Structure formats: C-alpha cells, structure tokens
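One-based numbering, in listed order, for ligands and for the atoms of each. Just so you know, these numbers come straight off a predicted model, no measurement behind them. Reckoned from all heavy atoms, side chains included, excluding hydrogens, waters and symmetry mates.
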Amino acid sequence: MLEDKVIVVTGGAGLIGSRFCQAIVDQGGIAVVADLNLEAAEKTAQTVGGDTRRAIALKLDITDKVSLEAGIATLRDSFGRIDGLINNAYPRNKNYGRRLEEVEYADFCENMSLHLGGYFLTSQVFSAYFAAQKGGAIVNMSSIYGVMAPRFEVYDNTPMTMPVEYAAIKSGVVHLTRYFAQYYKASGVRVNTLSPGGVEDGQAPSFLAAYAQFCGTKGMLDADDLTGGLVFLLSDHARYVTGQNLVIDDGFSL
Ligand SMILES: NC(=O)c1ccc[n+]([C@@H]2O[C@H](COP(=O)([O-])OP(=O)(O)OC[C@H]3O[C@@H](n4cnc5c(N)ncnc54)[C@H](O)[C@@H]3O)[C@@H](O)[C@H]2O)c1
C-alpha cells in the first residue's frame with residue numbers, strides 16, 4: 001500500500017515509531033527513522049531494513065527549523081521526493097508527568113512548546129515542501145486524551161497520572177491537523193490525526209486490568225494494532241481523506 005513512498009517518522013526510534021517504520025517497509029515503502037537520538041535511530045533502521053536501504057536513520061530535532069530544513073534537503077538529494085510525514089516524536093522535559101497541583105508554569109510552557117510547538121514547526125516546514133511538490137500526506141499523533149476527559153481512576157494506586165500538559169498538547173494536535181488540512185487542501189497536502197489508546201509497555205497488571213474494564217476485547221494495545229490505520233492514512237486509498245481524526249482504542253473513549 002506504500003510502494004516506494006518515502007515516509008519520515010519523527011521519534012522513529014521509540015516504542016510506536018519503530019513499529020511504524022517496520023509497517024512502512026512491510027508495505028513496500030522507505031522508512032526514514034528521524035530521531036533526536038541518532039544512535040537509537042541507526043539501530044532501528046538496521047533492525048527494520050537491514051542493508052536494503054528501505055529504512056534509513058536521520059538525526060532530526062522537531063524543535064529546530066535548521067535541523068528540519070537540513071533533513072528535507074538530505075532526503076530530497078537521496079530520493080528526489082518525500083511522500084509522507086508522521087509527527088510522532090514525544091519530547092518532554094525532566095519534570096513532565098507530575099500531578100496537577102505540582103505542575104510549575106514554566107514546565108507546562110516548556111512541554112507545550114517542545115511537543116505541540118515541535119509538531120507545529122515540523123508541519124510548517126514539511127507542508128511548505130509538500131505544497132511545492134504538489135502532494136504529501138501528514139499524520140499527526142494525538143491520543144484518546146486529546147479527545148476525551150481523563151479517566152483518573154485507572155491510575156489509582158500507581159505512580160502514574162494523565163498529565164495536564166498532555167491533555168492540552170494532544171487536543172491542540174487534533175485542531176492543528178484541521179488548520180493545516182484546511183490551509184493546504186487545494187495544494188494536494190493531506191493532514192490527518194491518529195489518536196491511539198494506551199500502548200502496553202510493561203505497566204503493572206493492576207493498572208492494565210483497571211484500564212481494560214473500559215475496553216472491548218483487548219484493553220491496552222500493542223503498537224502493531226495501530227499500523228493498519230496508519231498505513232491507510234498514508235496510502236492512496238485515503239487520497240480524499242483530510243482533516244480527520246482516526247481513533248484506535250478498543251472502545252476506551254466510548
Ligand atoms: N505510548 C502510548 O501509550 C501512546 C498512546 C497514545 C499516543 N501516543 C503518542 O505516540 C507518539 C509516540 O509515543 P511513544 O510512546 O512511542 O514515545 P517514545 O518515548 O517511546 O519515543 C519517542 C521518541 O521521540 C524522540 N524524540 C524526543 N524528542 C525529540 C525531538 N525534539 N526531535 C525528534 N525526536 C525526538 C525520542 O528520542 C524517542 O525515540 C507520541 O506522540 C505519543 O504521545 C503514545
């Protein structure tokens with residue numbers, strides 16, 4: 001479904017990003033593992049693509065315009081075009097994830113700026129490139145917590161919470177999508193959101209059970225559960241789909 005499409009995955013070395021890179025290669029595309037952590041990106045590219053050059057590592061900082069423009073220039077020189085971008089990086093500062101009462105104003109602003117600001121900047125730079133190229137698809141990663149109020153009760157008796165910054169960032173991402181989709185729809189640039197439920201990553205069994213009560217048949221998802229929706233949004237099957245938000249959450253947000 002992605003035959004020879006060159007697709008940039010920011011945060012491509014992470015939990016979900018690395019699975020997205022694998023899915024792109026499995027569908028015949030070329031995955032650009034674009035991450036702040038070059039060493040991790042190189043490892044992911046090697047695991048996903050081996051020596052085929054169907055997956056390549058790129059050092060990229062979504063909060064730095066120079067880095068974004070240099071990345072685009074490198075890819076244009078290597079492949080002649082770029083077909084897609086997944087805004088999937090997950091920057092957070094050292095105080096990210098505190099309970100509401102403990103969140104400092106400066107930390108709130110810094111996390112908004114790194115994450116929502118980074119998605120804005122990356123979208124701005126790539127959209128301009130895609131518009132000039134007369135086509136391109138962007139998928140922005142939001143979350144169920146970008147579309148619904150938190151279910152704090154699932155975090156009872158755990159050190160985790162659903163951070164207030166995350167709610168503001170991820171709801172912002174949903175609307176950033178609509179803004180860019182509207183702005184660029186006549187230029188052949190499609191922009192959509194993917195909003196996943198929680199992805200299992202070694203959380204405590206009691207948390208997984210509390211979470212699963214709100215779900216259908218699975219509960220917390222595996223990153224693989226998201227790839228079908230992602231591939232669809234990037235593919236030509238979605239050629240007239242823009243400005244939409246695809247929620248994949250086993251019913252958690254219903
Ligand atoms: N994990 C979940 O349960 C879950 C659920 C819903 C949505 N999401 C969203 O999915 C996306 C990926 O999440 P994840 O859990 O795989 O994250 P992760 O922490 O496993 O990976 C994030 C990656 O982003 C990279 N990164 C951080 N700052 C960067 C920057 N400035 N520029 C480029 N790369 C940078 C990191 O090096 C890391 O490789 C995020 O947008 C997250 O909000 C995650």
(message) Any non-hydrogen side-chain atom of I62 less than 4.5 Å from a side-chain atom of P91?
(response) yes
(message) Tell me whether N37 has any N or O atom under 3.5 angstrom from an N or O of ligand 1.
(response) no
(message) Yes or no: does A40 have any heavy atom under 4.0 Å from an atom of ligand 1?
(response) no
(request) Rounded to the nearest 0.5 Å, what's the gap from CD1 on I16 to CG on D225? Could you check? (result) 10.5 Å
(message) Out of all atoms in ligand 1, which are within 4.0 Å of some heavy atom of G198? Include the element for each.
(response) 3 (O)
(request) Please write down residue, atom name and distance for the protein heavy atom closest to atom 3 (O) of ligand 1. (result) V199 N, 2.8 Å
(request) Would you check whether K170 reaches within less than 4.0 Å of ligand 1, judged by its heavy atoms? (result) yes
(message) Under 3.5 Å between any N/O of D61 and any N/O of ligand 1: does that happen in this structure?
(response) yes
(message) For D222, is there an ion pair with R19 - N to carboxylate O distance below 4.0 angstrom?
(response) no
(request) Identify, by atom number and element, the atoms of ligand 1 in contact range of P196, meaning under 4.0 Å from any of its heavy atoms. (result) 6 (C), 7 (C)
(request) Distance to 0.1 Å, residue and atom name: give those for the protein heavy atom nearest to atom 38 (C) of ligand 1. (result) D35 OD2, 3.6 Å
(message) Quick test: of every protein heavy atom, which one is nearest to atom 23 (C) of ligand 1, and how far off is it to 0.1 Å?
(response) G11 CA, 3.6 Å
(message) Using heavy atoms and a 4.0 Å limit, tell me yes or no: is S142 in contact with ligand 1?
(response) yes
(request) Heavy-atom contacts with Y166 under 4.0 Å: which atoms of ligand 1 show up? List them by number with element. (result) 6 (C), 7 (C), 8 (N), 9 (C), 42 (C), 43 (O), 44 (C)
(request) Measure across Y129 and I82 and return the closest heavy-atom pair with its distance rounded to 0.1 Å. (result) OH-N, 3.6 Å
(request) Pick one of side chain, backbone, both or neither for how L60 approaches ligand 1, counting any non-hydrogen atom pair under 4.0 Å. (result) backbone
(message) I'd like to know if the side chain of R190 reaches the main chain of V241, judged simply by a donor and an acceptor atom lying under 3.5 Å from each other, with no hydrogens or angles considered.
(response) yes
(message) I need the atoms of ligand 1 closer than 4.0 Å to a non-hydrogen atom of G14, numbered in the order shown.
(response) 20 (O), 21 (O), 39 (O)
(request) Could you list the atoms of ligand 1 found under 4.0 angstrom from a heavy atom of G197? (result) 5 (C), 6 (C)
(message) Please classify the Y119 to ligand 1 contact at 4.0 Å (heavy-atom distances, strictly less than): side chain, backbone, both or neither.
(response) side chain
(request) Give the numbers and elements of all ligand 1 atoms closer than 4.0 Å to a heavy atom of R92. (result) 19 (O)
(request) Would you mind checking which non-hydrogen protein atom is closest to atom 20 (O) of ligand 1, with the distance to 0.1 Å? (result) L15 N, 2.9 Å
(message) In the structure I gave you, are the side-chain heavy atoms of F79 and I30 within less than 4.5 Å of one another anywhere?
(response) yes
(message) With a heavy-atom distance limit of 4.0 Å, tell me whether S195 approaches ligand 1 through its side chain, its backbone, both, or neither.
(response) neither
(request) Consider ligand 1: state whether an atom of it lies below 4.0 angstrom from any non-hydrogen atom of G118. (result) no
(message) Please check this pair: side chain of D61 against backbone of L36, looking for a donor-acceptor N/O pair closer than 3.5 Å.
(response) no
(message) For atom 26 (N) of ligand 1, tell me which residue out of A89, G146, A34 has the closest non-hydrogen atom.
(response) A89
(request) Check whether any heavy atom of E200 sits under 4.0 Å from an atom of ligand 1. (result) no
(request) Could you list the atoms of ligand 1 found under 4.0 angstrom from a heavy atom of M141? (result) 10 (O), 41 (O)
(message) Applying the side chain to side chain donor-acceptor pair (under 3.5 Å) criterion to T193, which one of N87, T177, N140 satisfies it?
(response) T177
(message) Checking the side chain of K185 only, and the main-chain atoms of V191 only, is there a donor and an acceptor separated by less than 3.5 Å?
(response) no
(request) Among all protein heavy atoms, pick out the one at the shortest distance from atom 34 (N) of ligand 1; state its residue, atom name and that distance to 0.1 Å. (result) L36 N, 3.3 Å
(message) Can you tell me how far apart CZ (R92) and CG (N111) are? Round to the nearest 0.5 Å.
(response) 9.5 Å
(request) Provide the number and element of each atom of ligand 1 under 4.0 Å from a heavy atom of P91. (result) 27 (C), 28 (N)
(request) Ignoring angles and geometry beyond distance, decide whether I16 reaches within less than 3.5 Å of ligand 1 through its nitrogen or oxygen atoms. (result) yes
(request) Specify the protein heavy atom at minimum distance from atom 14 (P) of ligand 1: its residue, its atom name, and the distance to 0.1 Å. (result) Y90 CD1, 4.0 Å
(request) Run through the side-chain heavy atoms of Ile, Leu, Val, Met, Phe, Trp and Tyr, join any pair under 4.5 Å, and report what else lands in M160's cluster. (result) Y90, Y96, I144, Y145, M148, F152, V154, Y155, M162, Y166, F207, L208, Y211, F214, M220, V247, F252
(message) Closer than 3.5 angstrom, by distance alone: can the side chain of S78 be matched with the main-chain N or O of L75 as a donor-acceptor pair?
(response) no
(request) Run down the list I62, N88, T63 and name the one with the heavy atom closest to atom 12 (C) of ligand 1. (result) N88
(message) Using a 3.5 Å distance criterion without hydrogens, assess whether the side chain of D4 forms a donor-acceptor pair with backbone atoms of G29.
(response) no
(message) With a 3.5 Å distance limit and no angle check, can you tell me whether S171 reaches the backbone of V147 through a side-chain donor-acceptor pair?
(response) no
(request) Please confirm whether Y119 and H115 have ring centers closer than 6.0 angstrom. (result) yes
(request) Please determine if A13 has a nitrogen or oxygen closer than 3.5 Å to a nitrogen or oxygen of ligand 1. (result) no
(message) How long is the straight-line distance from CG of N93 back to CE of M112, given to the nearest 0.5 Å?
(response) 13.0 Å
